Structures are given as structure tokens and as C-alpha cells.
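As the structure is a prediction and not an experimental result, all values here were calculated from the model. A note on names: the letters A, B, ... follow the listed sequences, proteins ahead of strands, and every chain is numbered from 1.
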2 protein chains.
Amino acid sequence: MPELDDTRREAYRAFLAAHSRLTTAMDKALTESGLLPLTWYDVLVTLEYQEGHQLRLSDLADKVLLSKSGLTRLVDRLVEQGYVERVACPKDRRSIYAVLTYEGQKAREDAWPTYSRLIQGLFGGQMTDGEAKLLTRVMLASACAAEAYMGRPHTIEECARAEEL
Amino acid sequence: MPELDDTRREAYRAFLAAHSRLTTAMDKALTESGLLPLTWYDVLVTLEYQEGHQLRLSDLADKVLLSKSGLTRLVDRLVEQGYVERVACPKDRRSIYAVLTYEGQKAREDAWPTYSRLIQGLFGGQMTDGEAKLLTRVMLASACAAEAYMGRPHTIEECARAEEL
DNA sequence: AACAGATAGTTGCATTTGCAAATAAATGAG
DNA sequence: CTCATTTATTTGCAAATGCAACTATCTGTT
């Protein structure tokens, strides 16, 4: 394995800076508009893309990049707001589905214009089509490498997707 | 401003996933090796690169991407460990310098091999030279856009650097 | 000189998060 | 069938972090 060079060090620092400033700016903009915090939005969209608008809590934790305990409490808050319901799974009584409610769907839709405008303005607008694709490939490769390093099974969606590109 | 398209949405998600998995993997690897946590490392290197191995707390907060209060307490921990000292600034009695100690420098050097191996293995190793440069440019542009959006002065180092590339 | 306003740092407080332990349920080996 | 193991979720607890309020200091205006 080659040594870490300055070019890559700089890329790494830029990556961290971008993440920090981007999430700070977005979260501030969203809460100031009285809209959903980033993590809430993330859960609601994730559910919306699923069949039946539901997902087992563990699977949801993986998708929204949270630990299981973190997710348990995030779902607590969402249930309290009426955006999500907990529904027991009949097949496996250990499992619980998080199910998107109508209010949850509504709240997500309300946030979408602001949300997408922010991502486009602060992130997407900074790159060409080709650059976006390249970025995706590199980011997924890195995420995948980190997964592998942590000893997680390579079955994670991102890894499969990274191979395709 | 064009609408946010799927290509860029995917890039954004990949970006978030990479950040989450990378920092998780790195922090786990470092603490398991009994080395410095990521944020500690970040402070110590930042100081090491400065003239006299010192920096005013506010400036340090900016560099390591932390709020002022967050930094105050991070420095508390580092002082407690003997890695950093607080030194009053004679010119401006409001300001305080964080100064790297010998122990701090030593600790950082001990962590470096593991640290750089991780970044190279999980991040740098996933891209070519050209890709690293492109990534840097795009990331800095995004960080800069976020800064501008937050109404911060454009004087931040990253923004100037982004212009050059 | 005096005061309004900006700036540096710290502290109180609330929030978010993860780890480890606890609980409950499924699975597999013998 | 039974017991050990694995899996899904929750809970106790501690750590990290940001915001707003506070103190101290500096700066510029009158």
C-alpha cells in the first residue's frame, strides 16, 4: 500500500470541511424555516421509498447511518410527533416496523422544496454531471472499504452499487 | 438554478454514507489501538503546523470545525492530559493561546502511522491522483458555498484555496 | 474621557449519540 | 425437546456538542 501523500491528505481535509459546513448550514436553514431536522427528513424519505412505507428498525438504522440505540430514540421522537408508528411484525415477534403516517408524509413533502434547493445550491451546483458520477463512485468505494474494515458483511447495498460503477 | 437531479442526489447520499462510515471506522480503530481520538489528533496536528505550535482558541475552533464552546471543553481535556497548555496572550488579554506540549507532540507522532494508514486504506487508496484533486476542488467549493450561505465572511482559507483550483 | 458595540473565552443547560447490559424471541445442534 | 447461540430492540449511563447567556476586554465615536 502506497503512503498517504499530500494530495490525498488535502482531499481528506476538504471532505471533512465540506461535510461539517454543509450539515451545519443545512440544519440551521431547515430549523429556521420551522422544517424537519436533517435526521428526521432522512428517516421519513427512507420509509417513503419502501414498499408499504415501512421498514424494520434495524434495517432503518443501517439506512440512515445511525446506531440501533440512536434509532430507537429517534423513532421515539418521530412517534411523539405522529410522523411514524411502531407496528409489530407478525412473522418475527422480535422485529418492529416503523411505518410512515400520513402526517409524516405530509411533513416530508413540505420540507422537500427547501431541502432540495439547499442540496442543489450548496452541493450539487458545485459540480458537473461527470464530476457527480465520479464523486459517487469514489465515495461509495470509500464507504465500502470502511464497512469491510469494520468486519461487516459485504452485503451492504452501497458496496454492490460501487462495483457497478 | 437547475433542479436537483438524481445523479446529484445519489452523490450526496454517497457523500454522507462515506463520511459516516469512515469516521466510525477510524474512531473505532484508533481507540482500540489506545491511540488518540480523531478530534484530539486534529487539534494536535493543527497546532503542530503553526508557528510556535500555538494558536488562539477561536482560530483553532475554526480550523478543527468546532464551535467555540465545543473547543473550550476539548482543550480542557487536552490540558488535563498534558498535551496542550493554555497561555495568555500579552497583546490582547481576551485571547488565549493553546500551545502544544512535548507530550502532545509525542502522542501525535505515535498515532501518525496508524492514522495515515487508515486514511490511505479507507479513503486515499480509492482514488487516482486526478480524482483526488477533483474531489478537493468540489469539496472546497461546497464548503465555501455553505460558508457563504451562513453569512460568514469569505475570508476563510478554504474559499481562497478553492478559487485557485 | 466615556460609552456603545464588537470580540474572546467560559459556563449552564439541553440534545443527541453510542456503548454495554438487559430483555425477549428465534434458530440450530445434539 | 432442550440448551446455547444469535438476533431485534430497548434502556441506563456517560460523553460530546451547540446555543444562549455571561464576563472581560478591546475599539471606535463623540
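Here the shortest heavy-atom pairing between B:V84 and B:A98 reads CG1-CB, 4.0 Å. Across all non-hydrogen atoms, the minimal contact from A:T46 to A:D42 is OG1-O, 2.6 Å. Between A:L118 and A:A29 the shortest heavy-atom distance is CD1-CB, 3.8 Å.
The stretch residues 97-148 of chain A participates, sequence neighbours left out, in these ring-ring contact (aromatic ring centres under 6.0 Å, His included) pairs: A:Y41-A:Y115, A:F123-B:Y12, A:F123-B:F15.
Listed by residue number, there are no residues of residues 23-33 of chain A with a heavy-atom contact under 4.0 Å to DNA chain C.
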Polar atoms only, N or O, under 3.5 Å: list the protein pairs with nucleotides 6-9 of chain D and their distances.
residue	atom	partner	partner atom	Å
D:dT7	O4'	A:R94	NH1	3.4
D:dT7	O2	A:R94	NH1	2.9
D:dA8	OP1	A:R56	NH2	2.7
D:dT9	OP1	A:L57	N	3.2
D:dT9	OP1	A:I96	N	2.9
D:dT9	OP1	A:I96	O	3.0
D:dT9	OP2	A:S58	N	2.5
D:dT9	OP2	A:S58	OG	2.3

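Between B:L66 atom CG and D:dA15 atom P the separation is 17 Å, expressed in whole Å. Separating the CG atom of B:L38 from the C1' atom of D:dT17 is a distance of 15 Å, rounded to the nearest angstrom. Rounded to whole angstrom, the span from the CH2 atom of B:W40 across to the P atom of D:dA15 amounts to 12 Å.
For the atom pair A:Q81 CD and A:D76 CG, the distance stands at 12.5 Å (nearest 0.5 Å).
Taking only side-chain nitrogens and oxygens, B:R73 never comes nearer than 4.0 Å to OP1 or OP2 of D:dG18.
Of the two residues contacting DNA chain D, namely B:P37 and B:R93, the nearest-nucleotide position lying further toward the 5' end is that of B:P37.
With respect to the salt-bridge test (charged N to carboxylate O, under 4.0 angstrom), the residues A:D6 and A:R13 do not qualify. With respect to the salt-bridge test (charged N to carboxylate O, under 4.0 angstrom), the residues B:R56 and B:D62 do not qualify.
Protein chain A touches strand DNA chain C; the 5'-most and 3'-most nucleotides with an atom under 4.0 angstrom of its non-hydrogen atoms are C:dT16 to C:dA26.
B:R108 meets the salt bridge (Lys or Arg N to Asp or Glu O under 4.0 Å) test with B:E48; sequence neighbours excluded. Remark: B:Q120 pairs with A:M1, A:P2, A:L4, A:R8 by the side-chain contact (heavy atoms from CB on, under 4.5 Å) rule, at least two apart or across chains.
Hydrophobic clustering (ILVMFWY, side-chain heavy atoms < 4.5 Å, transitive): A:V64 and A:L38 are in one cluster.
A heavy-atom distance below 4.5 Å is not found between the side chains of A:Y83 and A:V43.
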